[in-house]
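Take a look at the structure below.
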Amino acid sequence: MSESIGFNKLHKGVQKWIWSQKWASLRDIQEEAIEPVLDADCDIVISASTAAGKTEAAFLPACSKLIGQSPDGVGILYISPLKALINDQYRRLQGLCEILGISVTPWHGDVLRSVKIKQRKNPNGILLITPESLESLLLNQGSWCSKAFKSLCYIIVDEFHAFLGTERGCQLQSLMHRLEFLIQRTIPRIALSATLGDMKQVADSLRPNKRLPCKIIESTVSHSDLKIQLRGYLTPAQQNEETESTMDEIIGDLYKILRGKSHLVFANSRARTEEIAAKLSDLCVQSLVPNEFFPHHGSLSKEIRESLEARLQKEKLPTTAVCTMTLELGIDIGSVDSIAQVTSPHSVASLRQRLGRSGRRGEPSVLRLFIPEDEITVNSHLLDRLRVHTVQCIAMINLLLKKWYEPASLNQYHFSTLVQQTLSVIGQYGGVRAQQLWALLCETGPFSVVDQSLFAIFLRGLGENDLITQTADGQLVLGYKGEKIVEHYTFYTAFNTPEEYRLEYNGKAIGTVPIDKPLVREQHIIFAGKRWEVLFVDDENKLIGLKTAKGGKPPKFSGDGLMVHDIVRQEMRRVYSEKITPVYLNDAAKSILKEGIDNYHALNLDNKQIIQAGSTVHALPWLGDQTINTITVLLRMHGLSADCFGGIIDIRNTTINDFFSAVKHILSNTKVSPTELASLIPNTIIEKHDPVIPKELRDIGYGARSFNVDAAYSWINRLWHNHSVHRTLVTSRL
DNA sequence: GACCTGCTGCGGAGTG
């Protein structure tokens with residue numbers, strides 16, 4: 001500690017705690033954060049990978065400051081996206097805060113009422129809270145908040161990257177802004193974030209109105225080494241009962257490679273997660289060894305998930321969790337020996353997060369990808385011929401190594417969350433004028449893209465739906481339906497929550513399944529890695545009883561597609577074009593990739609983006625799904641039956657000539673706006689409060705979120721230009 | 001092909 005400059009600026013008690021931890025030195029981000037946090041005159045983004053000491057970087061100086069100021073009320077407000085993370089941080093802060101005599105209070109839906117009552121009577125110290133619980137406090141206890149947070153020193157937001165560009169992130173921005181408005185003071189915000197791309201963008205999201213400058217503290221410590229293997233699997237075109245399915249082959253390999261140590265297997269869907277976990281346990285049973293493979297996903301009960309998290313943390317028994325995104329975020333499970341990824345990851349950012357879970361005690365991170373592809377036959381689709389899954393994985397790994405990550409899409413309208421925040425502000429203050437609402441939420445708050453005229457249309461819509469009503473003196477108050485919405489406990493979440501059935505065995509909670517994918521009596525299912533038969537379906541209580549059984553498949557879960565970014569598709573094209581064959585492919589993957597590259601060149605796709613196959617025209621723009629979707633809707637608008645999947649647009653029952661006459665038509669008409677395109681989409685009700693948003697606004701929001709008109713037109717223009725040049729050449733030769 | 005997050009107030013049973 002002797003060479004540390006910052007250390008001496010920390011409070012004696014904090015120093016004492018650091019000594020007791022027997023740290024050799026402070027980490028780079030911890031050292032660098034001390035002065036700006038103590039100065040408390042700007043916002044700060046602290047960015048580093050998991051387990052790099054971000055929490056301490058913020059709390060050590062923040063607690064030092066707190067003791068100096070001894071504020072009347074809550075001193076530090078810590079906001080986390082996960083209840084589990086609040087529980088973790090509560091445990092981690094205990095030791096330090098005991099020495100300092102600062103109280104720490106967790107506050108979320110599972111926290112005992114007695115704990116909350118105590119804090120209500122005597123607000124002080126550090127409050128660890130979720131956005132939803134803070135929403136509830138502002139709405140229901142507004143006057144308490146103005147006293148309790150009167151001398152608040154810091155707001156610390158954990159896992160800030162998880163909020164970027166989302167409805168919930170927009171809610172968080174609004175909550176922080178409303179809190180500052182309530183106490184009429186600017187409070188320094190500290191964001192703890194993974195290093196995923198453009199930190200300037202992160203800073204802009206932390207305080208959209210830029211009333212305080214923002215300092216970015218990024219860890220310079222490089223990630224440990226990375227070992228990669230990409231394993232290819234070929235699904236034969238002719239499958240019979242006896243042949244092993246490709247997934248079984250992958251599961252067999254997972255068993256051989258992973259057994260005996262601890263790993264995470266990411267399988268991209270809950271159904272596949274269940275299938276893999278159950279079949280890996282079967283293999284354990286067959287080999288007469290104790291099971292060490294367990295599923296982990298959002299539909300499993302808290303008890304089942306927590307017991308697996310605890311088992312991973314203890315590191316005593318070999319444990320492999322087959323999981324979805326649930327084990328991507330910062331829940332403390334220690335680190336594992338390796339990561340397995342079955343089928344292609346959805347984004348480079350999520351691949352990075354997953355890798356961060358591997359690499360014990362300076363060991364390299366180990367990533368194995370298990371990628372199935374279908375054997376090519378005369379009927380195979382272009383997607384199979386080009387081996388896009390394998391190539392997408394290679395492109396994503398290339399981008400990962402270049403430290404490129406998908407940027408969040410900011411500056412969205414978030415009308416749904418604007419409904420929630422409007423109702424919440426009116427509920428908090430009783431009655432508010434339209435002008436005051438706009439000034440608070442839009443002019444100075446996070447909804448800055450909503451101008452006064454849009455806001456007027458918005459409020460009219462809420463009035464027509466009886467969510468709000470105007471009193472004689474011009475105040476906006478809650479309407480009958482508005483009261484009902486605000487009173488219901490589901491009001492606090494900004495995101496949609498579809499109804500679900502609870503699954504039980506002998507009265508014990510196992511998990512949930514979506515209500516729109518019903519299970520029937522006597523159906524056999526795989527769930528929680530075990531096999532069950534449905535005993536009864538109680539529609540009234542939304543409860544399904546299970547008994548143990550044999551056989552079965554995982555139930556259906558719902559979900560939306562995930563978008564591949566422009567840059568990923570462009571990198572894929574580079575892989576084909578430059579015939580890149582990475583060293584980390586196994587032999588099967590090598591020959592699969594070679595097929596893809598060979599077919600790409602055989603079709604001359606370096607020079608052509610439009611090809612005819614039978615009565616279908618394929619368009620290959622090598623652009624992200626947002627742009628591809630935009631082009632597809634544009635083509636449909638001009639009478640073509642266009643569909644897209646996996647980055648390729650299929651236009652059925654047409655010819656290249658007809659396709660280009662449609663293209664000519666698109667270009668000779670005035671450019672279509674994203675809002676006009678959205679108006680052609682049959683259903684734009686996606687987000688929670690979309691049903692009460694006037695259609696003209698919903699189309700504006702949907703268009704801005706789903707389409708990239710500029711990129712689509714620029715591709716169509718280039719295509720037309722090349723086509724015309726080519727045609728002229730042909731003509732002149734004649 | 002398709003992920004994740006979170007929530008109140010109240011009544012009643014159980015415990016010290």
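Throughout, a chain's letter reflects where its sequence line sits, starting with A, and its residues are numbered from 1.
Atoms CD (A:Glu135) and P (B:dT8) sit 11 Å apart, rounded to a whole Å. The distance between atom CD of A:Glu487 and atom C1' of B:dC7, rounded to the nearest whole Å, is 15 Å. The CG-P distance, from A:Leu423 to B:dC7, rounds to 19 Å in whole Å. Distance, A:Asn629 CG to B:dA2 P: 17 Å, rounded to whole Å. At whole-Å resolution of the value, CZ in A:Phe163 and P in B:dC3 are 21 Å apart. As rounded to whole Å, 13 Å separates atom P of B:dT8 from atom CG of A:Leu138. Distance A:Arg120 CZ to B:dT8 C1': 13 Å, rounded to the nearest Å. Rounded to a whole Å, the CG atom of A:Leu85 is 10 Å from the P atom of B:dG6.
Contact annotation: A:Thr324 side-chain N/O to B:dC4 OP1/OP2 distance is under 4.0 Å. The phosphate of B:dC3 (OP1 or OP2) has no side-chain N or O of A:Thr326 nearer than 4.0 angstrom. Side-chain nitrogen and oxygen atoms of A:Arg270 include at least one within less than 4.0 Å of the OP1 or OP2 phosphate oxygen of B:dC4. Neither OP1 nor OP2 of B:dA2 sits under 4.0 Å from any side-chain N or O of A:Lys556. Between A:Arg113 and B:dC10 there is no side-chain N or O to OP1 or OP2 distance below 4.0 Å.
A:His108 comes within contact range of the sugar-phosphate backbone alone, with a heavy-atom separation under 4.0 Å but no base atom that close. A:Ser269 comes within 4.0 angstrom of the backbone, heavy atoms only, and of no base. A:Phe645 comes within 4.0 angstrom of a nucleotide base, judged by non-hydrogen atoms across all strands. The residue A:Ser133 sits close only to the backbone: its heavy atoms come under 4.0 Å of sugar-phosphate atoms, none of a base. Contacts of A:Tyr492 with the nucleic acid, taken as non-hydrogen atoms under 4.0 Å apart, involve only primed sugar atoms and P, OP1 or OP2. Residue-level contact check: A:Arg354 touches neither bases nor backbone, having no heavy atom under 4.0 Å from any strand.
Distance from the side chain of A:Glu132 is smallest to B:dG6 among B:dG6, B:dC3, B:dT5. Comparing B:dT5, B:dA2, B:dC4 against the side chain of A:His297 picks out B:dC4 as the nearest. Candidate nucleotides B:dG6, B:dT8, B:dA2 were compared by shortest atom distance to the side chain of A:Asn140, and B:dT8 ranks first.
The OG1 atom of A:Thr417 sits 11.0 Å away from the CG atom of A:Leu172 when rounded to the nearest 0.5 Å.
Comparing A:Asp110 and A:Ser299 along DNA chain B, the residue whose closest nucleotide (by nearest heavy atom) sits nearer the 5' end is A:Ser299. When each of A:Ala271 and A:Leu82 is assigned the nucleotide of DNA chain B bearing its nearest heavy atom, the one mapping closer to the 5' terminus is A:Ala271.
For the side-chain hydrogen bond (donor to acceptor under 3.5 Å, both in side chains) test with A:Glu167, the passing option among A:Gln420, A:His414, A:His689 is A:His414; the others fail.
Using a 4.0 Å cut-off between charged side-chain N and carboxylate O, A:Asp566 and A:Arg569 make no salt bridge. Between A:Glu309 and A:Lys302 there is no salt bridge, since no side-chain nitrogen of the basic residue lies less than 4.0 Å from a carboxylate oxygen of the acidic one.
B:dT5 has its base stacked against the ring of A:Phe495, the centroids being under 5.5 angstrom apart at an interplanar angle below 30°.
Partners of A:Phe163 under the ring-ring contact (aromatic ring centres under 6.0 Å, His included) rule, at least two apart in sequence or in another chain, do not exist in this structure.
Ring orientation note: the planes of A:Tyr702 and A:Phe707 are nearly perpendicular, at an angle over 60° on the 30°/60° scale.
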